[in-house]
Engineer: 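Got a structure for you, questions after.
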Amino acid sequence: MESSGDKPTNNPHPEQAPDESFGTLKYQLLGPSLTKAGQDSVDQQKVSEIIYNASKGSKFFNHEQDRDRNLTLKIERILKEKERLDRLDLSSELRRADEYLAELEISRDLSQHVIHVDCDAFFAAVEELDRPELKTVPMAVGKGVLTTCNYLARKFGVRSGMAHFVAKRLCPQLVLLPLNYDKYTAKAKEIRAIMAEYDPLFESASIDEAYLNITSYCDENNLQPDEVVERMRAEILETTKVSVSAGIGANAKIAKIASNLNKPNGQFQLPNEREAIMAFMRDLPVRKVNGIGRVFERELESIGVKKCGDIFPNRAFLTKLFGEKAFQFLAQCYLGLGRTKIEPVENHERKSVSTETTFHDIGDREELRAKLWWAAQELEKDLARTQFKGRTLALKVKLHTFEVLTRQTAPSRPVFLAKELYSFALPMLAKLEKDIPNMKLRLLGLRCSNLVSTQKVGINFFGIATQPKPVTAPASEPSPVSPSGVNADHEICAEEAFEAAARQEIQDEMNDLERLSQEIPDVSVAREPEGSAAPEVVETPPMWDCPICTRPQIADDRTFNEHVDFCLSRQTIREVAQDTTEETSLIPHNSRKRKMLSQAGVPEIDPKQKRLFFQ
DNA sequence: ACGGGACCA
DNA sequence: GTGATGGTCCCGT
């Protein structure tokens, strides 16, 4: 559409970025919860000014600025691509889109009454129950960043997700309370007990949100949906003293949007009628839809999609610009469609278990290992609680610059013990330390995915599924143990010889790992609290000299090859950087190598453009 | 299929 | 002085 106002900033001096980029950056700094209720009477202009000035110069700010610049560039590419598509014959795309819309229309189900219930300023409300005097002052809950705040605080522009010191700048008299999760969990339980009366199969979306399908309740009690919701909200307020807001509609998407419209302590119903739904969506800003955040909002806005109604005239472009899934999602937004199936979260299959902690910047290798060991222990606890092992282990770090990196590995068997987690994660950390000179972290985390359940059907110590009763024909009864059947390739075999072999194999592997852990010879992690034993330190392993960098490396095949690979890739980059041809496109998009190059002024070729072009 | 980044709630 | 946890999608290889 119009591309005049959104020139990209190719400015090599970000601190002198032209004025036009301030708008988007300030908008970004307003945070993710801009659309939350209670902000209507706030002067957003003034608020963003204060936030901007409070944040300016911080590492967080610089990182946000980077992200904003990259997004602006990405949008520039989107616009270019849209221009190109405008000149093309898109009739087949158009037909495809219309066919999909027709298909969706056929699937429209207006027979269900779904509601979304959302507690008003939940954590703050619970705190106010204990200390009623807090009701009359602006107050927020959460250390570091605010998790929530009461409506008095929102009048000042204070919002959830906002940093402590920024909130204080906006509202110096703001009262800050520490988090008290146990209290909130207990209160949430009371509320859920009431919701269960209306739909025993209700779905908890978070600690203070839930979806219910009240169709049956309406029928059985001969009540209208809004009457049911009035009744439920009154019951919740009376017995738990917490006020909730609710949205009522034909599906979860509408209900979620609607629950925000009359907040706090209100409800909104959108009738189960196609015309009413279409009209409602037509004028609804896309950002109000669950799943469209700050970034996608800006991308859509750039091609002229501000409201869900704007999706239709752009339907032929969406797949090419944003991908098939995004197109399908947006098509459902346009039509006001969403899921009507509401079910308990326990029915959902868990995909990952993770832990992470933020701390002051740490560059010290031993301190980092201590943090890793701590994370490993935390993850072991969580895995034990949830009864899972992981076939994939990921290390997540956030650099002192707020840049986030993840590295993952697939251990040869499912892991869950802190010692295993640590051992498999350490080489990834060590590699990062090698790749990133002077690496300083502000966050470190571990995640297990590709989960294997250790529940129900016995899984013995070595991660091999065992049957409760001896079964001779394993193929006859597929094991229900793991949600996605990931256990299928585990032969069910109780023979002792097999077990002995497995035991030996695992022992060998642990030995290997302990050697791997010694990659940095002076590593020691044994001094952590809680008395649990960290992997022991063994003597220094044999060393070989790397043919590239000539420094001595551990003579373990895997370790050594990894190191050499890294050295080689480094060399390649140096060579590529020297000759400034399109060779740079060989370097992965978004890699820090590419960033290093782009900072050095080496031109980039955007792989996405290529994808769009050749699609 | 997998690893990694980005986004979202 | 800017959180924790978990899910999804997309891209490149």
Side-chain angles (χ1 to χ4, degrees), chain A residues 28-29 31-33 35-36 51 54-55 57-64 67 70-71 74 118 141-148 159-169 179 181 205-209 256 287 289-299 319 321-329 345 348-361 375 378-379 382 386 391-398 400 402-410 428 432 442-451 585-592 594-595 606-612 615:
Chain A
Q28 178 148 344
L29 284 167
S33 63
T35 58
K36 286 283 173 69
I51 297 176
S55 310
S58 68
K59 287 175 178 173
F60 176 79
F61 177 92
N62 292 337
H63 184 251
E64 290 297 297
R67 283 182 30 166
N70 285 337
L71 179 56
K74 185 176 172 192
D118 197 344
V141 183
K143 281 267 158 71
V145 298
L146 314 181
T147 56
T148 190
R159 274 187 289 269
S160 62
M162 187 174 273
H164 193 176
F165 69 98
V166 175
K168 275 284 189 183
R169 198 71 79 85
L179 284 161
Y181 265 108
S206 70
I207 191 168
D208 72 328
E209 279 175 58
K256 168 80 181 173
R287 180 67 142 86
V289 179
N290 216 340
I292 298 180
R294 276 178 293 178
V295 172
F296 201 17
E297 177 190 34
R298 268 195 64 194
E299 292 176 1
T319 297
L321 293 178
F322 304 114
E324 182 63 21
K325 291 289 179 182
F327 162 72
Q328 292 178 0
F329 178 77
V345 278
H348 292 175
E349 165 197 345
R350 182 190 273 270
K351 302 279 174 55
S352 68
V353 182
S354 69
T355 178
E356 65 187 55
T357 48
T358 296
F359 34 74
H360 63 274
D361 292 358
E378 285 298 303
L379 188 53
D382 289 346
T386 54
R391 301 190 131 196
T392 302
L393 175 66
L395 172 73
K396 170 178 173 177
V397 301
K398 196 187 279 181
H400 68 109
F402 285 84
E403 186 183 0
V404 176
L405 303 171
T406 60
R407 292 294 180 270
Q408 67 182 54
T409 181
M428 296 191 279
L432 283 171
R442 74 185 326 276
L443 172 147
L444 187 149
L446 287 176
R447 180 177 72 243
C448 273
S449 53
N450 242 312
L451 299 178
S585 63
L586 294 174
I587 300 161
H589 184 50
N590 285 330
S591 74
R592 54 185 306 105
R594 177 172 280 279
K595 279 184 196 163
D606 175 31
K608 181 159 187 181
Q609 238 176 14
K610 218 192 296 188
R611 176 184 73 90
L612 290 164
Q615 205 167 24

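Lettering follows sequence order; numbering is per chain, from 1.
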Engineer: Figure out the OH/P separation between A/Tyr181 and C/dA4, and round it to whole Å.
Structural biologist: 10 Å
Engineer: May I ask you to evaluate whether A/Thr357 reaches the phosphate of C/dA4, defined as a side-chain N or O under 4.0 Å from OP1 or OP2?
Structural biologist: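 Indeed not, no polar side-chain atom of A/Thr357 lies that close.
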Engineer: Looking for any heavy atom pair under 4.0 Å, which part of the strands does A/Arg447 touch: base, sugar-phosphate only, or nothing?
Structural biologist: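 Counting heavy atoms under 4.0 Å across all strands, no contact is made by A/Arg447.
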Engineer: Counting heavy atoms from C-beta on, name the nucleotide in C/dT2, B/dA9, B/dG5 closest to the side chain of A/Arg407.
Structural biologist: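 Shortest atom-to-atom distance from the side chain points to B/dG5.
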Engineer: Closer than 4.0 Å, any side-chain N/O of A/Arg442 to the OP1 or OP2 of C/dT2?
Structural biologist: yes
Engineer: Within the structure shown, what part of the strands sits under 4.0 Å from A/Phe61 by heavy-atom distance: base, sugar-phosphate, or nothing?
Structural biologist: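 Touches nothing.
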Engineer: In whole Å, what is the span from the CG atom of A/Asn290 to the P atom of C/dT8?
Structural biologist: 14 Å
Engineer: Compare side-chain N and O positions of A/Lys351 against OP1 and OP2 of C/dT8 and report whether any pair is under 4.0 Å apart.
Structural biologist: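 The answer is yes; a side-chain N or O of A/Lys351 sits under 4.0 Å from OP1 or OP2.
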Engineer: Any N or O donor-acceptor pair under 3.5 Å from the base of C/dT2 to the side chain of A/Ser55?
Structural biologist: yes
Engineer: Ignoring hydrogens and geometry beyond distance, is a side-chain donor-acceptor pair present between A/Lys59 and A/His400 at under 3.5 Å?
Structural biologist: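 Yes.
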Engineer: Once you round it to whole Å, what is the distance between P of B/dA6 and CG of A/Leu71?
Structural biologist: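 Interatomic distance, CG of A/Leu71 to P of B/dA6: 12 Å.
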Engineer: Take atom CZ of A/Arg298 and atom C1' of B/dC7, then tell me their distance rounded to the nearest Å.
Structural biologist: 14 Å
Engineer: Please evaluate residues A/Lys398 and A/Glu403 with respect to the criterion salt bridge (Lys or Arg N to Asp or Glu O under 4.0 Å), reporting the C-alpha separation (whole Å), side-chain torsions for both, the decisive distance (0.1 Å), and the verdict.
Structural biologist: CA-CA 5 Å; A/Lys398 196 187 279 181; A/Glu403 186 183 0; over 6 Å; no
Engineer: Check every atom of B/dG3, C/dT2, C/dT5 against the side chain of A/Thr355 and return the nucleotide holding the closest atom.
Structural biologist: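 Nearest nucleotide to the side chain: C/dT5.
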Engineer: Of the nucleotides C/dC10, B/dG4, C/dT2, which one has an atom closest to the side chain of A/Val166?
Structural biologist: C/dT2
Engineer: Should A/Val353 and A/Leu379 be marked as a side-chain contact (heavy atoms from CB on, under 4.5 Å) after you check the CA-CA gap, both sets of side-chain angles, and the distance that decides it?
Structural biologist: CA-CA 8 Å; A/Val353 182; A/Leu379 188 53; 3.9 Å; yes
Engineer: Assign A/Val145 to base, sugar-phosphate, or nothing according to its heavy-atom contacts below 4.0 angstrom with the strands shown.
Structural biologist: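 A/Val145: base contact, heavy atoms under 4.0 Å.
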Engineer: Please report the distance, rounded to the nearest Å, between CD in A/Glu209 and C1' in C/dG6.
Structural biologist: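 Result: 15 Å.
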Engineer: Quick one: ring pair (Phe, Tyr, Trp, His ring centres under 6.0 Å) partners of A/Phe60, sequence neighbours excluded?
Structural biologist: A/Phe402
Engineer: CZ of A/Arg159 versus C1' of B/dA9: gap in Å, rounded?
Structural biologist: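 Rounded to whole Å, this separation is 16 Å.
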Engineer: Among B/dG3, B/dA9, B/dC8, which is the nearest nucleotide to the side chain of A/Lys256?
Structural biologist: B/dA9
Engineer: Is A/Arg350 close enough to C/dT5 that one of its side-chain N or O atoms is under 4.0 Å from OP1 or OP2 there?
Structural biologist: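 The answer is no; no side-chain N or O of A/Arg350 sits under 4.0 Å from OP1 or OP2.
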Engineer: Mind calculating the distance between CZ (A/Phe329) and P (C/dC10) to the nearest angstrom?
Structural biologist: 12 Å
Engineer: Under 4.0 Å from OP1 or OP2 of B/dA9: is there any side-chain N or O of A/Ser206 that close?
Structural biologist: no
Engineer: I want to verify a distance call: between C/dT2, C/dT5, C/dA4, whose nearest atom is closest to the A/Lys396 side chain?
Structural biologist: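 Of C/dT2, C/dT5, C/dA4, C/dT5 is nearest to the side chain of A/Lys396.
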Engineer: Taking side-chain hydrogen bond (donor to acceptor under 3.5 Å, both in side chains) as the test, write out the residues that go with A/Lys396, two or more places apart.
Structural biologist: A/Glu356
Engineer: From CZ of A/Phe60 over to P of C/dG3, roughly how many Å is that when rounded to an integer?
Structural biologist: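 About 7 Å, once rounded to whole Å.
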Engineer: Assess whether side-chain contact (heavy atoms from CB on, under 4.5 Å) is satisfied between A/Leu395 and A/Leu432, documenting all intermediate values.
Structural biologist: CA-CA 10 Å; A/Leu395 172 73; A/Leu432 283 171; 3.9 Å; yes
Engineer: By the 4.0 Å heavy-atom rule, please label A/Glu324 as base, sugar-phosphate, or nothing.
Structural biologist: sugar-phosphate
Engineer: On the nucleotide B/dG5, are OP1 or OP2 found under 4.0 Å from the side-chain N or O atoms that A/Thr406 carries?
Structural biologist: yes
Engineer: Does A/Ser58 place a side-chain N or O at less than 4.0 Å from the phosphate oxygens OP1/OP2 of C/dG1?
Structural biologist: no
Engineer: Among B/dG5, C/dA4, C/dG1, find the nucleotide with the atom closest to the side chain of A/Glu356.
Structural biologist: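 Nearest listed nucleotide: C/dA4.
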